[in-house]
Every structure is written in C-alpha cells, then in structure tokens.
Enquirer: 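Got a structure for you, written out below as structure tokens; questions coming shortly.
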Amino acid sequence: MMIMMRSAVAAAAALALTCSLPPAAHAAAQLAAPAAAAPQVLPIGVAVSALPLAVEDRTGYQRSSFRHWNAGDIPADGCNTRAEVLLAEAVVYPEIGPGCTLSGGTWWSYYDEREVTPAGALDIDHMVPLAEAWDSGAWAWTAARREAYANDQGQQASLGAVTARSNRSKADQDPAEWLPPAPDALCRYGAEWTATKLRWGLAVDEAERDRLFDIAAGCGGTDVEFTPAP
C-alpha cells in the first residue's frame, strides 16, 4: 500500500513539475525521456539468489567519484535531484519558491516511521550507499554511470527521503551491519536493497547475502520489483 501511494504521489509530482514548464521545455522533456525497460518482479528469496556474490574492496573510493546532486530528470524545472525526490515523495505537497526553494510540506520517513516537516529536516538516502556501490562493482564504472547512479530516479527504491538521524545512523553500512529501526520497515527495506543491487548489477558479499536471506525467510509474499538500469 505504501509503495502504491508513493507511486501515485510521484506521478502527481512529475505532472506538476512538467506542467509548470514553458510549452517548448515541456515538449523537449517528453522527447528526451528514454523508453523505460520492462520491470521484473521476483519473490524476495529468488531475487536474493539472483545477486552475484563477490568480495568487496573499497580501495580508491572517494565520495566525489559520484557527482550529485545534478540538475535532475527535468533540467528545465530549476530543481536538482534532491528537490525532485522531495517533491515526488511529499505526502503534503510543499510550495515551490524561486530557485526551487521548498516551504511547507510533509514527508513520511519509513525507516523510523516518523512524519517530517520541513524539507530541510530530511536527507535523501541512497538505498545502496555510494561507498557500498563502489565496493560492489561501481569502481569499474565510468564517471557518467556513477553520476547516473547517484541521481537515479528511474526506480523509486534507489533514492528516498528519510530523517537525517536515520540516514546518518545507516551511513555506508549494508544490511549485515544496519537495518531500519522500525520493525514494519524490514521487508520493504530488504526488497528495496535487493531491487537496487539487481537494477545496477551490483554484487553482494557473503555476510550481506546471508542477512538478506534471513530477511527473505521472514517476508514470505514480498516481491522485489526492479528495472535494469540503462
């Protein structure tokens, strides 16, 4: 239900953003949008089994290797990726001021089940943190692909608005090291972590895979939906 609600909010936000553009910019944005690949849906245990297993190595990692936040999916709207994610996930839509300044609005942080306002109290969390992505295969990517990953709005699980406290508690840890504190968040979190790694072809290490299997064992009926990244 939460994911369905989030999809509806995201669609409404995207419509509001594009409708606010000048007609020429709106048309250009539509033409520039690539055709989306078909989503794949797997039971969570099957999805975890599909993740490649590899030893992780953080050698050479720098956060600056992942450029963010960029101009977002609709450069003409004047909002960067962070602001576009906030607009897509707003439970109560904020007012948009000059320079895409957001005022008012309400958000739901599912990690700790907290209602949050204002926008400045939120962090945009990379579901699979940048350092973890590097360890898991992004070290071999081009700079352009790392930028696409760091600003990925093509799959809702990739980026999420959460409380700053929960995001900073998570830091760059994988599910073997950190899980959201809200018990009801566990199945969703395991599914979204797995979906993000499958989308980007990222590997898991042994401890991470084992924890994901533990989560899957307690989350019967949970599906993982992902769309392979272009």
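Numbering starts at 1 and runs along the sequence shown.
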Enquirer: Looking at Ala191 and Thr222, what are the two nearest heavy atoms and their distance?
Expert: CB-CG2, 3.9 Å

Enquirer: Would you say the side-chain atoms of Arg146 pair up with the backbone N or O of Ala138, donor to acceptor, closer than 3.5 Å?
Expert: yes

Enquirer: Are Lys170 and Glu132 ion-paired here, with the side-chain N under 4.0 Å from a carboxylate O?
Expert: no

Enquirer: Closest heavy-atom contact between Thr194 and Val48?
Expert: OG1-CG2, 3.8 Å

Enquirer: Tell me if the CD atom of Glu206 is crowded by more than 12 foreign heavy atoms within 6.0 Å.
Expert: no

Enquirer: Give a yes or no on this: more than 12 heavy atoms of other residues, nucleotides or ligands lie within 6.0 Å of atom CD of Glu113.
Expert: yes

Enquirer: Taking atom CG of Asp172 and atom CH2 of Trp134, what is their separation to the nearest 0.5 Å?
Expert: 14.0 Å

Enquirer: Can you name the closest pair of heavy atoms from Glu84 and Asp73 and give their distance?
Expert: OE1-N, 2.8 Å

Enquirer: Determine, step by step, whether Trp178 and Tyr189 satisfy the side-chain contact (heavy atoms from CB on, under 4.5 Å) criterion, reporting the C-alpha distance in whole Å, the side-chain angles of both residues, the deciding distance to 0.1 Å, and the verdict.
Expert: CA-CA 11 Å; Trp178 186 90; Tyr189 188 78; 3.7 Å; yes

Enquirer: Under the criterion side-chain contact (heavy atoms from CB on, under 4.5 Å), I'd like the reasoning laid out for Asp205 against Asp174: C-alpha separation, chi angles, the key distance, then a yes or no.
Expert: CA-CA 10 Å; Asp205 63 23; Asp174 71 25; 3.9 Å; yes

Enquirer: Rounded to the nearest 0.5 Å, how far apart are CZ of Arg199 and CG of Asp152?
Expert: 4.0 Å

Enquirer: Quick one: pull up OG in Ser166 and OH in Tyr110 and give me the separation to the nearest 0.5 Å.
Expert: 10.0 Å

Enquirer: How close do Gln153 and Leu159 get, heavy atom to heavy atom, and via which atoms?
Expert: CG-CD1, 4.3 Å

Enquirer: Look up atom CG in Asn80 and atom CG in Asn70, then write down how far apart they are to the nearest 0.5 Å.
Expert: 8.0 Å

Enquirer: Please report the closest heavy-atom contact between Glu225 and Pro39, naming both atoms and the distance.
Expert: OE2-CB, 3.7 Å

Enquirer: Nearest 0.5 Å, what's the CD-OG distance between Glu208 and Ser136?
Expert: 5.5 Å

Enquirer: Taking side chain as C-beta onward, heavy atoms only, is Val116 less than 4.5 Å from Thr106?
Expert: no

Enquirer: A side-chain contact here means heavy atoms from C-beta on lying under 4.5 Å apart; do Asp77 and Cys100 qualify?
Expert: no

Enquirer: Following the transitive rule for hydrophobic clusters with a side-chain heavy-atom cut-off under 4.5 Å over Ile, Leu, Val, Met, Phe, Trp and Tyr, establish whether Val46 and Trp193 coincide in one cluster.
Expert: yes

Enquirer: Please check this pair: side chain of Asn151 against backbone of Arg67, looking for a donor-acceptor N/O pair closer than 3.5 Å.
Expert: yes

Enquirer: Determine whether Leu198 and Gln40 make a side-chain contact, defined as any pair of heavy atoms from C-beta on separated by less than 4.5 Å.
Expert: no

Enquirer: Any heavy-atom pair between the side chains of Pro94 and Trp107 that's under 4.5 Å?
Expert: yes

Enquirer: Below 30° counts as parallel, above 60° as perpendicular, anything between as tilted: where do the rings of Trp200 and Tyr149 land?
Expert: perpendicular

Enquirer: So with a 6.0 Å cut-off around CZ of Arg114, is the heavy-atom count from everything else above 12?
Expert: no

Enquirer: Report yes if some heavy atom in the side chain of Ile124 is under 4.5 Å from a heavy atom in the side chain of Thr81; otherwise report no.
Expert: no

Enquirer: How long is the span from the CG atom in Leu86 to the CZ atom in Arg82, to the nearest 0.5 Å?
Expert: 5.0 Å

Enquirer: Give the intermediate values and the outcome of side-chain contact (heavy atoms from CB on, under 4.5 Å) for residues Phe226 and Lys197.
Expert: CA-CA 9 Å; Phe226 69 97; Lys197 288 223 159 177; over 6 Å; no

Enquirer: Quick one, Met127 with Gln155, criterion side-chain contact (heavy atoms from CB on, under 4.5 Å). Give me CA distance, side-chain angles, the key distance, then yes/no.
Expert: CA-CA 11 Å; Met127 170 55 61; Gln155 179 168 283; over 6 Å; no

Enquirer: What's the shortest heavy-atom distance between Phe213 and Gly45, and which atoms?
Expert: CE2-O, 3.8 Å

